[in-house]
Amino acid sequence: MNLLFFASDYEIGLSTLLTDQLIAIHALEKLSVYGIAGEKEQEPGLEDKLQSNDISIERIDGLDQHAHFIRLANTIADIIRKRDISVIHVQNNWQLALVSFVKYSSIKRRKLKIVYTLHGFRHNHPIKLHIARFVIGFALFLFADKIIYMSDYVKKNFVFLSYKMNKIYLGIDNSFFTKKNNEVQVSPIKMIFPAQFRSGKNQDIIIKAFGRYVKSTNDKNALLFLPGTGALKEDFEKLAEELLIEKQVVFPGFLSKNNVKELYESCNIGVISSNSETFGQSIVEPFVLGKCVLSTRVGVADDIIKNGINGFFFENEKDLFEILLDLNKNKDKIQKISETNFLQRNQFSWDTISKLYEQFILKI
């Protein structure tokens with residue numbers, strides 16, 4: 001079966017995550033996959049990474065901009081014909097519009113199957129959420145043959161499309177699986193939340209809870225790492241100063257994936273304070289590395305975390321503060337939770353996920 005896989009996203013170009021997924025799919029025996037992407041790259045070296053895995057990819061200028069629809073559709077149609085494509089996997093609404101036009105503009109292409117991964121739907125905005133859910137849902141009802149969702153949270157928002165939906169997690173980079181044994185230093189507490197500083201990520205909740213924890217315990221060795229950039233970063237730096245914990249809250253700025261991984265490995269707790277996530281790599285990455293995970297009930301958290309067994313849920317600053325006090329008094333919980341998560345990590349390896357993906361595609 002020949003599969004055309006869109007490996008880029010709007011204004012980003014060739015995506016780091018989709019590059020890893022394309023490499024994993026390419027290794028499968030029963031699928032012949034061909035990549036397609038815009039001219040940009042999310043980070044340098046992604047196309048070289050594909051080439052080193054003997055994967056050729058079609059680069060189309062302007063694919064990730066909302067313009068030149070007919071030119072792009074004709075280019076995609078040529079690729080479908082040249083590669084004898086039977087299944088197309090798209091990542092966003094623009095790509096869905098393009099391939100749907102290509103499919104229904106020719107009787108010969110009506111047998112093409114379209115797969116769509118639900119990556120996002122304005123879920124952090126209370127008004128745009130409902131509009132986006134309706135527009136995206138209607139388009140998927142009309143044009144998508146199958147829909148991949150990455151967490152039960154997403155399915156609950158599109159329950160009317162359940163008959164088309166299959167849950168397949170996103171994988172985590174292979175470098176996160178190199179450790180054979182999990183050794184966790186349970187003291188002092190070191191927390192990390194890599195995210196953009198924007199509305200809905202709520203780093204202020206973490207900072208305030210951490211400030212209360214430091215004041216209550218006088219734990220001057222505890223650290224909180226908040227990598228990332230964004231409009232609210234300066235506000236949160238000032239907040240840390242106001243709470244007199246500026247020396248214990250570290251703002252490293254933008255970090256590469258490897259640098260984030262190194263920072264994760266130096267910590268013992270991953271903390272996630274988002275209002276909403278469709279998946280949540282910041283939930284899965286510390287989980288895979290065998291860390292204790294503290295999270296709001298967003299994204300994949302509800303799918304994988306059992307409260308008190310392999311992590312903790314919190315709703316607000318008070319909840320998080322009380323969890324930190326408990327972990328300070330019972331550091332063995334950090335060790336036990338870390339060991340539990342490390343043993344469950346393979347469900348997020350690309351090897352595991354690509355095999356599930358293959359079974360899914362072959363049944364279409």
Side-chain angles (χ1 to χ4, degrees), residues 1-29 31-69 71-99 102 114-117 119-120 148 150 168 170-178 194 196 229 254-262 279 281 285 348-351 353-354 357-358 361:
M1 182 180 287
N2 292 344
L3 168 71
L4 184 64
F5 184 88
F6 279 71
S8 64
D9 206 351
Y10 177 60
E11 293 190 338
I12 292 176
L14 186 58
S15 154
T16 304
L17 179 63
L18 295 173
T19 294
D20 289 340
Q21 188 172 5
L22 179 55
I23 291 170
I25 297 170
H26 181 261
L28 299 169
E29 294 181 359
L31 295 179
S32 296
V33 61
Y34 301 94
I36 182 172
E39 71 278 14
K40 297 179 182 179
E41 289 187 344
Q42 187 173 12
E43 59 182 56
L46 292 180
E47 185 167 358
D48 293 340
K49 188 175 181 179
L50 290 173
Q51 289 177 352
S52 67
N53 284 274
D54 296 321
I55 302 172
S56 60
I57 186 165
E58 299 271 4
R59 306 301 293 269
I60 303 176
D61 288 355
L63 177 63
D64 304 310
Q65 305 296 322
H66 293 173
H68 309 295
F69 186 91
R71 175 180 67 81
L72 294 173
N74 288 336
T75 303
I76 292 168
D78 288 341
I79 294 171
I80 291 170
R81 183 173 56 254
K82 180 174 65 175
R83 300 295 190 183
D84 191 24
I85 298 298
S86 54
V87 179
I88 304 174
H89 187 161
V90 299
Q91 315 294 340
N92 59 40
N93 303 325
W94 174 248
Q95 295 167 7
L96 177 64
L98 286 167
V99 299
V102 169
I114 300 174
V115 176
Y116 182 103
T117 294
H119 289 283
I148 294 175
M150 298 170 288
I168 301 178
L170 284 175
I172 297 298
D173 188 88
N174 290 336
S175 65
F176 280 69
F177 294 87
T178 54
Q196 291 184 327
T229 59
F254 173 79
L255 296 178
S256 69
K257 181 63 70 177
N258 284 337
N259 291 144
V260 170
K261 176 177 171 286
E262 289 173 1
F279 179 64
Q281 283 186 292
E285 287 172 344
F348 293 106
S349 74
W350 277 121
D351 182 56
I353 290 166
S354 62
Y357 180 88
E358 181 179 50
I361 293 292

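Residue numbers run from 1 in the order of the sequence given.
- Just one of V99, L3, I79, V115 meets the side-chain contact (heavy atoms from CB on, under 4.5 Å) condition when paired with I88; it is V99.
- For residues 78-98, every residue pair satisfying the salt bridge (charged side-chain N to carboxylate O under 4.0 Å, His left out) rule, not counting sequence neighbours, is listed here: E58-K82, E58-R83, D78-R81.
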Decide yes or no on side chain to side chain contact (heavy atoms under 4.5 Å, CB included) for H89 and I148, but give the supporting numbers first. CA-CA 10 Å; H89 187 161; I148 294 175; 3.7 Å; yes

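- Summarising the local packing, CZ of F69 is surrounded by more than 12 heavy atoms from other residues, nucleotides or ligands at distances under 6.0 Å.
- Every residue two or more places apart in sequence or in another chain was checked for a side chain to side chain donor-acceptor pair (under 3.5 Å) with E262, and none qualifies.
- No donor-acceptor distance shorter than 3.5 angstrom exists from the side chain of S86 to the backbone of M1, with no hydrogens or angles considered.
- Note: K40 NZ to D61 CG = 11.0 Å, rounded to the nearest 0.5 Å.
- Closest non-hydrogen pair, Q42 versus T16, comes out as OE1-N, 2.9 Å.
- We find the CG-CG distance between L14 and L46 to be 5.0 Å, quoted to the nearest 0.5 Å.
- Within the 4.5 Å cutoff, no side-chain heavy atoms of P194 are placed close to those of L255.
- A heavy-atom distance below 4.5 Å is found between the side chains of L98 and L63.
- At distances below 3.5 Å, not a single donor-acceptor pair connects side-chain atoms of S354 with backbone N or O atoms of I25.
- Between F5 and Y357, the ring-plane angle classifies as perpendicular under the 30° and 60° cut-offs.
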What do the steps show when you test F279 against H119 for ring pair (Phe, Tyr, Trp, His ring centres under 6.0 Å), and what is the final call? CA-CA 8 Å; F279 179 64; H119 289 283; 9.5 Å; no

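- Residues T19 and S15 approach most closely at OG1-O, 2.7 Å, considering heavy atoms.
- Look at K257 and E43 and you find no salt bridge, because none of the NZ, NE, NH1 or NH2 atoms lies under 4.0 Å from a carboxylate O.
- Residue H68 qualifies as open at atom NE2: its count of foreign heavy atoms under 6.0 Å is 12 or below.
- At a threshold of 4.5 Å between non-hydrogen side-chain atoms, the residues I57 and L22 count as touching.
- In this structure, CG on D48 lies 11.5 Å from CG on N53, to the nearest 0.5 angstrom.
- A ring pair (Phe, Tyr, Trp, His ring centres under 6.0 Å) check over residues 32-58, counting only residues at least two apart or in different chains, returns nothing.
- Looking at heavy atoms from C-beta onward, Q281 lies in side-chain contact with L17 at the 4.5 angstrom threshold.
- Listed here is the closest heavy atom pair of G38 and S8: N-OG, 3.2 Å.
- Between I361 and L28 there is no side-chain heavy-atom pair separated by less than 4.5 Å.
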Hey, mind stepping through I168 and I353 against side chain to side chain contact (heavy atoms under 4.5 Å, CB included) and telling me if it holds? CA-CA 7 Å; I168 301 178; I353 290 166; 3.7 Å; yes

Full working for side chain to side chain contact (heavy atoms under 4.5 Å, CB included) between V87 and L31: CA-CA 10 Å; V87 179; L31 295 179; over 6 Å; no

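- A salt bridge (charged side-chain N to carboxylate O under 4.0 Å, His left out) check over residues 5-22, counting only residues at least two apart or in different chains, returns the pairs D20-K49.
- Judged as a side-chain contact (heavy atoms from CB on, under 4.5 Å), and not counting sequence neighbours, the contacts of A77 are V102, R109.
- Listed here is the closest heavy atom pair of W350 and G171: CH2-N, 3.3 Å.
- With rounding to the nearest 0.5 Å, the separation of CG in L96 from CD1 in I114 is 6.0 Å.
- Taken from OG in S56 to CD in E47, the straight-line distance is 9.5 Å, to the nearest 0.5 Å.
- In this structure the side chain of I76 never reaches within 4.5 angstrom of the side chain of Q95, judged on heavy atoms.
- Partners of S175 under the side-chain contact (heavy atoms from CB on, under 4.5 Å) rule, at least two apart in sequence or in another chain, are D173, N258, K261.
- Between the side chain of N92 and the backbone N or O of W94 there is at least one donor-acceptor pair closer than 3.5 Å.
- Residues F177 and I172 have side chains in contact (heavy-atom distance under 4.5 Å, counting atoms from C-beta outward).
- Between D64 and I12, the closest side-chain pair of non-hydrogen atoms is not below 4.5 Å.
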